[in-house]
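Source: prediction; values computed, not measured.
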Amino acid sequence: MLADALLRSLAGTTALLRVTSANTETNQSELGLVATTFADVVISPVVIRKLRPTWKSGEDSQWELLVSATGVEQQVNALSLSSAQALFAMTLAVTVAGQDYLIDSIASNEAFGNVYLYRLLLREAGQQAV
């Protein structure tokens, strides 16, 4: 709860995790006959900050998203997932304040064996070539 209070006091906001919600239990979904659906999962409180800028031209800016473990745990339980890693594995993009980001890496901070904060290293989602 202390991590939640800290994130809220630092102008904490919400993040949307765009996750896949395809039913993979049938042969039709394995063949691609069933369209994959997407859902936005709301996580709160979160704080985003820009990491030190890179000086190499053409590289994307990197951001760090600090996410409350209790907010993640609520969504893990609501979606009946096995762990927070399962939630992050099915996440395609993270949206904060209307800007889309892609996850580069995930770390967690623990105290006494319990996770209290997740740190997501993000990069801006640029336009992809088709």
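- Rounded to the nearest 0.5 angstrom, Met90 CE and Leu81 CG are separated by 5.5 Å.
- Using modelled atom types, one side-chain atom of Ser83 and one backbone atom of Ala86 make a donor-acceptor pair closer than 3.5 Å.
- Of all heavy-atom pairs spanning Val76 and Ala84, the tightest one is CG2-CA, 3.8 Å.
- The shortest distance between side-chain heavy atoms of Arg119 and Asn109 falls below 4.5 Å.
- Contact annotation: the side chain of Val19 never approaches that of Phe38 to less than 4.5 Å [non-hydrogen atoms, C-beta and beyond].
- Atoms CG and OG, on Leu117 and Ser68 in that order, are 8.0 Å from each other to the nearest 0.5 Å.
- Between Leu87 and Leu79, some side-chain heavy-atom pair lies under the 4.5 Å cut-off.
- In this structure the side chain of Val72 reaches within 4.5 angstrom of the side chain of Tyr118, judged on heavy atoms.
- Glu110 contributes atom CD, which lies 9.5 Å from atom OH of Tyr116 (distance to the nearest 0.5 angstrom).
- We find the CD-CD distance between Gln62 and Glu124 to be 10.5 Å, quoted to the nearest 0.5 Å.
- Under the 4.5 Å side-chain criterion, counting only non-hydrogen atoms from C-beta, Phe88 is in contact with Leu120.
- A heavy-atom distance below 4.5 Å is found between the side chains of Asp100 and Arg18.
- A donor-acceptor distance shorter than 3.5 angstrom exists from the side chain of Gln75 to the backbone of Val42, with no hydrogens or angles considered.
- In this structure the side chain of Asp104 never reaches within 4.5 angstrom of the side chain of Leu122, judged on heavy atoms.
- In terms of heavy-atom proximity, Ser44 sits nearest to Thr13 at OG-O, 3.7 Å.
- With a 4.5 Å cut-off on side-chain heavy atoms, Asp40 and Leu17 do not count as touching.
- Linking Ile, Leu, Val, Met, Phe, Trp and Tyr whenever their side-chain heavy atoms come within less than 4.5 Å leaves Leu121 and Leu16 in two separate clusters.
- Atom-to-atom distance recorded for Arg123:CZ and Tyr101:OH is 13.0 Å, nearest 0.5 angstrom.
- Within the 3.5 Å criterion, the main-chain N or O of Ala93 finds no donor-acceptor partner in the side chain of Thr91.
- Atoms CG and CZ, from Leu66 and Arg49 in turn, are 6.5 Å apart once rounded to the nearest 0.5 Å.
- Heavy-atom minimum distance, Val96 versus Thr14: CG1-O, 4.3 Å.
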